Amino acid sequence: MAVVVLPRSLLALFPGTPRRLDASGSTVREVIADLDKQVPGMWDRLCETGPAIRTHVNVFVAGERASLETAVAGDTTVHVIPAVSGG
Amino acid sequence: MGDSTVLVVGTRKGAFILESDAKRASWSVRGPLCEGWPIHAMAIDPDSRTILAAGGSGWYGPAVWRSDDLGETWTHSSAGLTYGDDGPKIETVWGIARKNGTVYAGVEPAGLFRSDDGGATWSHVEGLTNHPTRKDWQPGGGGLCLHTIVPHPTDNKRVWVAISAVGTFETTDGGKTWESRNRGVRAGFLPPDGQYPEIGQCVHKLVLAADGGERLFQQNHSGVFRSTDGGKEWQEISAGLPSTFGFPMVAHPRQPETIWTVPLNGDDRGRYMPDGKAAVWRSDDAGTTWKRHARGLPQENAFMTVLRDSMAVDPRDSVGVYFGTTGGELYGSSDEGKTWREIAAHLPPIWSIEAAVI
């Protein structure tokens, strides 16, 4: 199981969701798919057409910038962090 | 009719709810709601007290928010709100409308979606996207957006939609097929010998009059227009207004020949209130003549802009009229637009208003 750390702005969209979640999967795509099973709607917030991680959402696996195809080891920490954008 | 008058207001930084009584003299403000998401359009059902808020987050994409308790708690969904993994990315939701259990959402890039479960799941109305002119659709300054959805009041198979900068379309078969409805609408930004194309008009706002479903009005980039046959033919009714340019338009809930608009000084002149003097213009003869109403509005250095959905009417006996500015000011009139007062200020840029009595 990877440990996924979610940002405050995303947690606010799914009341009651903990900041840290265990999720299974060997790639980021599978991890997000498992998140979506636990928290329905999560995939649509993190992923867009392609599919791809949304333009202004960054996912880091063990501290490295990741794509949907990035491998996720069993005990890795996955950080979801919104991009520095807005106004 | 209920005691409370409610305005649901979409802004660049969340939704707000303003509440007053029947006199509409003082207002409370709640917000920002919807986690501060940019909200392009809102709808409120006075019977169920359900509010819908349509928009999109720069981080987390498009969605339609729903509250069943007048904005105290919210859920959101974009399930099915997609052109598919091979299609273009949907940037945001621009328009929302409901009719007889169906909710419609208009998106950017332009397309129409429908929900038959109150906004929980959505399906693409492919007939519009498959229109033979689709390859020629071009965006306006706000993007290629389907911003206005007007269901027919009695025929559930008829819907009009307005797309910038493409024009108006109508379906008469529940969305399977669509026809353009732009004949007679001028596209003043095209060369002189080509200003009346089948599509390419920059419709800013489309409204339906209160007399059965064939009389439409539109504020366009290039003028104000009227149709008496469901949009098949349009006549320009800009004469008497200080400018052909403006964004919003609203229709009286009971008097079919009464409409209001907010002319701005021109598409190439700054797009603010003419001469910095704020005014709302009203016609009581379906646009044949117009009268300026400015009492209570600032008449000095009022370089305000009112966007396409930032105007609304309530259904009270003396109709309340409201408009919001990109500077976050919200003005209201409880005497059908004759006199005005500021009812909120310092809000984020206002993008939409809907009014209801509960």
Side-chain angles (χ1 to χ4, degrees), chain A residues 4-19 21 23 25 27-61 65-70 78-87, chain B residues 11-15 31-39 53 55-69 72-93 105 107-109 111 113 115 117 119-122 124 129 326 348-349 351:
Chain A
V4 183
V5 183
L6 300 174
R8 186 215 65 80
S9 55
L10 186 60
L11 295 176
L13 306 179
F14 303 99
T17 302
R19 182 168 173 77
L21 276 169
T27 63
V28 169
R29 179 198 295 250
E30 292 176 3
V31 166
I32 295 176
D34 188 52
L35 278 181
D36 191 66
K37 289 180 184 171
Q38 300 181 52
V39 186
M42 189 68 82
W43 176 275
D44 285 342
R45 299 286 67 84
L46 297 180
C47 298
E48 60 190 29
T49 292
I53 297 170
R54 288 197 176 279
T55 305
H56 296 292
V57 171
N58 295 321
V59 175
F60 296 86
V61 175
R65 181 82 171 267
S67 70
L68 284 180
E69 310 315 320
T70 299
V78 177
H79 283 92
V80 177
I81 301 175
V84 179
S85 58
Chain B
T11 80
R12 186 167 173 266
K13 295 174 184 284
L33 308 168
C34 304
E35 294 302 320
W37 277 32
I39 299 297
S57 157
W59 292 323
Y60 302 123
V64 175
W65 293 73
R66 177 185 172 117
S67 172
D68 294 317
D69 53 13
E72 294 296 329
T73 60
W74 294 84
T75 58
H76 75 278
S77 177
S78 54
L81 207 59
T82 173
Y83 291 120
D85 280 341
D86 296 330
K89 178 175 72 172
I90 293 176
E91 299 290 342
T92 191
V93 186
V107 304
E108 175 194 357
F113 288 77
S115 172
D117 56 12
T121 61
W122 298 89
H124 181 203
T129 300
T326 53
W351 287 354

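Side-chain atoms are counted along with the backbone in the values below, which use heavy atoms only and exclude waters and symmetry mates. Here the structure is a predicted model, which is why all the values come from computation and not from measurement. Residue numbering restarts at 1 for every chain, and letters A, B, ... go by the order of the sequence lines.
What you find for A/Thr55 and B/Lys89 is that their closest heavy atoms are OG1-NZ, 3.2 Å. Between A/Arg54 and B/Pro62 the shortest heavy-atom distance is NH2-CD, 3.8 Å. Shown here for B/Trp59 and A/Ala83, the closest heavy-atom pair between the two residues is NE1-O, 3.1 Å. Scanning both residues, A/Pro51 and B/Asp85, for their nearest heavy atoms gives CD-OD2, 3.5 Å.
If you take OG1 on B/Thr82 and CD on A/Glu48, they are separated by 10.0 Å, rounding to the nearest 0.5 Å.
A/Asp36 is linked by a side-chain hydrogen bond (donor to acceptor under 3.5 Å, both in side chains) to nothing, counting only residues two or more places apart in sequence or in another chain. For the salt bridge (Lys or Arg N to Asp or Glu O under 4.0 Å) test, no residue two or more places apart in sequence or in another chain qualifies with A/Arg45. Every residue two or more places apart in sequence or in another chain was checked for a side-chain hydrogen bond (donor to acceptor under 3.5 Å, both in side chains) with B/Ser57, and none qualifies.
The 12-atom threshold is not exceeded at CG of B/Asp86, counting heavy atoms of other residues, nucleotides or ligands nearer than 6.0 Å.
Contact of the B/Tyr60 side chain with the A/Leu10 side chain is registered, since non-hydrogen atoms from C-beta on lie closer than 4.5 Å.
Residues of residues 31-39 of chain B having a heavy atom under 4.5 Å from any heavy atom of chain A, listed by number: B/Glu35, B/Trp37.
At a 4.5 Å heavy-atom cutoff, B/Trp74 makes no contact with chain A through either its backbone or its side chain.
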